[in-house]
Amino acid sequence: MIAAFPGWRGVGLAALFGAFMALGQAPLGWWWATLPALAGLIWWVVRAPGGRAAVWLAWFGGAGYFAAALNWIVDPFLVDPVAYGWMAPFAVVLISFGLALFWAAAAVLAHLARLPFGARALMLALTLTAAELARGYVLTGFPWALIGHVWVGTPPAQVAALIGPSGLVLMTTLAAALPVALRLWGVVGTGALLSAAFAFGAAQLNVPDPAARGVTLRLVQPNAEQHLKWDPEQADTLFRLQLGFTNALPRPDAVIWPETAVPYLLTPGEGAAAAIALAGDGVPVIVGTQRLAGDAAYNSMAVIGAGGALTAVYDKSHLVPFGEYMPFGDTLYDLFGITAFASRTGNGYTAGPGAAVLDLGGKFGKILPLICYEAVFPQDLRAAPTRADWILQITNDAWFGTLTGPWQHLAQARLRAIEQGLPLVRVANTGITGLIDARGRVLAELPFGEAGYLDVGLPGALAEPFYAQWGEIPVIVLLIGGVAGLMTGRRRVRA
């Protein structure tokens, strides 16, 4: 592998292509920059003299992409810069080159097929899609900044209702690879592909909206700075601020607070729960909180009813590795009695039982609850035991900085709404609280970095989309069929 290293000029150009690809991610959304940059990277990788050189180029190309797209990864370490700031550069390098291993694997597979140049470019488009799909599942998954996310906010994003985020990745990689593989005819093919996607999306966006549910929700955004969020005096101030927003007239039908908005443990009918119910004055208040069950701690969503009763609770099930729990921490406790990393001994959160739907009854219907990071995973929503009427995401985006992370998190929530055909209500500690309809359009939002509340009417749901029913199966079939077709063509040429 070292002997096959294509030189710093070669890997530098690959990294530059990758970095330019990231311009298509939120908040810029420059998909028209992503496509030529991806085409350039595909061309640079497939022209490599061998598979080992291609691995280096794809690896550095992916690293450039992830370093630019995930630049917000340094922000969690800067919440307490004295203690953790030194880790930030290492985090960028490790996550960028770590995730880029998926792209390197895609290059290996494309070159192992031993196809001619044009077919190899198309094969790389397929294997890169497979790599991005795998990235959402391997080691609990991290499908943040998928290549196909560049379409969020444009008509082609509606294609996700049919083939999901991996389908958008496949559409993007093929659109970039076709001109590399077929030159002028490839440009024509890319134009036809994107024109069809734009036309389909525009048609979907022009369909009349479903009837609204007739429910008014109050979305509360306290705008707590992360480094002050758990300070005792600041926590009490923020709690009282949210009580005031909850009690403001006119009364909504329900009030929603963000993730871990309650700084105290909730005891039904007492203390914080009673104070929240009093502020709600007869309407349910849905809050983000923490709860204990024995030695286990949970990141939870609770519905507080009359008198401070907890009428429903959801425990976050897809936790953030190293942020909310330590991988294999419970195993170390079971095998060796080491308690420092075990969630069961209070060191980190314990995962809830899995995806759930909370039936609030009456005009509220059934909600699919998501806490923060869970909105990144389309498979988590499809794992729900029954179809909900709307999606509720509570989150604390203060971890993601102020430049890119909160907007990328919002973009992924918009995609979940399209995939499920359901409206999505998003309530953030800060950036970005808002209402998203079943086609992924942001209908209302609170300004980033400001404390306040927003009263919104809940939109209606669409019929269950094809992707919600079938998930990744159609894309996997397309990938298998594409690979088989290219390999069959190779054998025919050789014959």
[Y] backbone acceptor or donor facing [X] side chain under 3.5 Å:
| X | Y | result |
| --- | --- | --- |
| Glu324 | Leu319 | no |
| Asn247 | Leu243 | no |
| Thr173 | Leu170 | yes |
| Thr246 | Gly280 | no |
| Asn71 | Ala68 | yes |
| Gln242 | Ala261 | yes |
| Gln379 | Gly136 | yes |
| His318 | Thr140 | yes |
| Arg213 | Leu458 | no |
| Glu259 | Asn429 | no |

Would you name the heavy atoms of [X] and [Y] that are closest together and state the gap between them?
| X | Y | answer |
| --- | --- | --- |
| Ser300 | Val313 | CB-CG1, 4.4 Å |
| Gly401 | Asp75 | CA-CG, 3.5 Å |
| Pro369 | Leu358 | CG-CG, 4.1 Å |
| Leu219 | Gly434 | CD1-O, 3.8 Å |
| Leu415 | Ala160 | CD1-CB, 3.7 Å |
| Gly460 | Pro423 | O-CD, 3.5 Å |

Could I get the full list of salt bridge (charged side-chain N to carboxylate O under 4.0 Å, His left out) partners for [X], not counting sequence neighbours?
| X | answer |
| --- | --- |
| Arg218 | Asp455 |
| Asp380 | none |
| Lys366 | none |
| Asp315 | Arg291 |

Check: Does the side-chain contact (heavy atoms from CB on, under 4.5 Å) test come out yes or no for Tyr264 and Asp236, once each step is laid out?
Finding: CA-CA 9 Å; Tyr264 318 109; Asp236 184 66; 3.2 Å; yes
Minimum side-chain heavy-atom gap [X]-[Y] below 4.5 Å:
| X | Y | value |
| --- | --- | --- |
| Trp151 | Val159 | no |
| Leu392 | Met301 | yes |
| Val74 | Val92 | yes |
| Leu168 | Val152 | no |
| Ile367 | Val425 | no |
| Trp399 | Cys372 | no |
| Leu266 | Val287 | yes |
| Leu70 | Leu99 | yes |

To the nearest 0.5 angstrom, please state how far the [atom1] atom of [X] sits from the [atom2] atom of [Y].
| X | Y | atom1 | atom2 | result |
| --- | --- | --- | --- | --- |
| Glu419 | Leu424 | CD | CG | 11.0 Å |
| Leu435 | Leu217 | CG | CG | 8.0 Å |
| Asp253 | Lys363 | CG | NZ | 3.5 Å |
| Thr433 | Glu450 | OG1 | CD | 11.5 Å |
| Ile476 | Thr129 | CD1 | OG1 | 12.0 Å |
| Gln158 | Leu205 | CD | CG | 4.0 Å |

Item checked: Stepwise side-chain contact (heavy atoms from CB on, under 4.5 Å) check, His409 with Gln393 -> CA-CA 11 Å; His409 204 195; Gln393 181 198 13; 3.4 Å; yes
Return all side-chain donor-acceptor pairs below 3.5 angstrom for residues 20-35, not counting sequence neighbours, or 'none' if the list is empty.
residue : atom : partner : partner atom : Å
Gln25   : NE2  : Tyr65   : OH           : 2.8
Gln25   : NE2  : Leu146  : O            : 2.9
Thr34   : OG1  : Met21   : O            : 2.7
Thr34   : OG1  : Gly24   : N            : 3.2

Item checked: Intermediate values then yes/no, side-chain contact (heavy atoms from CB on, under 4.5 Å), Ile394 and Ile286 -> CA-CA 10 Å; Ile394 59 172; Ile286 304 173; 5.5 Å; no
side-chain hydrogen bond (donor to acceptor under 3.5 Å, both in side chains) with [X]: which residues, sequence neighbours excluded?
| X | result |
| --- | --- |
| Gln290 | Tyr349 |
| Trp390 | none |
| Glu374 | Tyr314, Ser317 |
| Arg135 | Glu132 |

Notebook entry, point to check: Is the Trp407 ring parallel, tilted or perpendicular to the Phe448 ring (thresholds 30°, 60°)?
Noted result: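 Tilted.
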Next item on the list: For residues Phe400 and Trp144, establish whether the separation of their ring centroids is below 6.0 Å.
Entry: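 Yes, they do, as the ring centres are separated by less than 6.0 Å.
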Checklist line | Single hit among Phe102, Trp103, Phe97, Trp72 for ring pair (Phe, Tyr, Trp, His ring centres under 6.0 Å) with Phe66 | finding: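 Testing Phe66 for a ring pair (Phe, Tyr, Trp, His ring centres under 6.0 Å) against Phe102, Trp103, Phe97, Trp72 leaves exactly one candidate, Trp103.
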Notebook entry, point to check: With sequence neighbours left out, which residue pairs that include part of residues 456-479 fulfil the side chain to side chain donor-acceptor pair (under 3.5 Å) condition?
Noted result: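 Every pair satisfying side chain to side chain donor-acceptor pair (under 3.5 Å) with a residue in residues 456-479: Ser166-Glu472, Arg382-Tyr467, Tyr467-Glu472.
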Notebook entry, point to check: How about Trp257 and Thr289: does a side-chain donor come under 3.5 Å of a side-chain acceptor?
Noted result: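 Looking only at side-chain atoms, Thr289 and Trp257 do not form any donor-acceptor pair under 3.5 Å.
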Next item on the list: Could you name each residue pair satisfying salt bridge (charged side-chain N to carboxylate O under 4.0 Å, His left out) that touches residues 197-209, not counting sequence neighbours?
Entry: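 Only Asp209-Arg439, Asp209-Arg441 qualify under salt bridge (charged side-chain N to carboxylate O under 4.0 Å, His left out).
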Item checked: Summary of salt bridge (charged side-chain N to carboxylate O under 4.0 Å, His left out) pairs that have at least one residue in residues 87-103, sequence neighbours excluded ->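 Checked against salt bridge (charged side-chain N to carboxylate O under 4.0 Å, His left out) - neighbours excluded - no pair reaches residues 87-103.
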Next item on the list: Verify side-chain contact (heavy atoms from CB on, under 4.5 Å) between Tyr325 and Asn299, making sure each step is shown before the conclusion.
Entry: CA-CA 11 Å; Tyr325 78 103; Asn299 186 355; over 6 Å; no
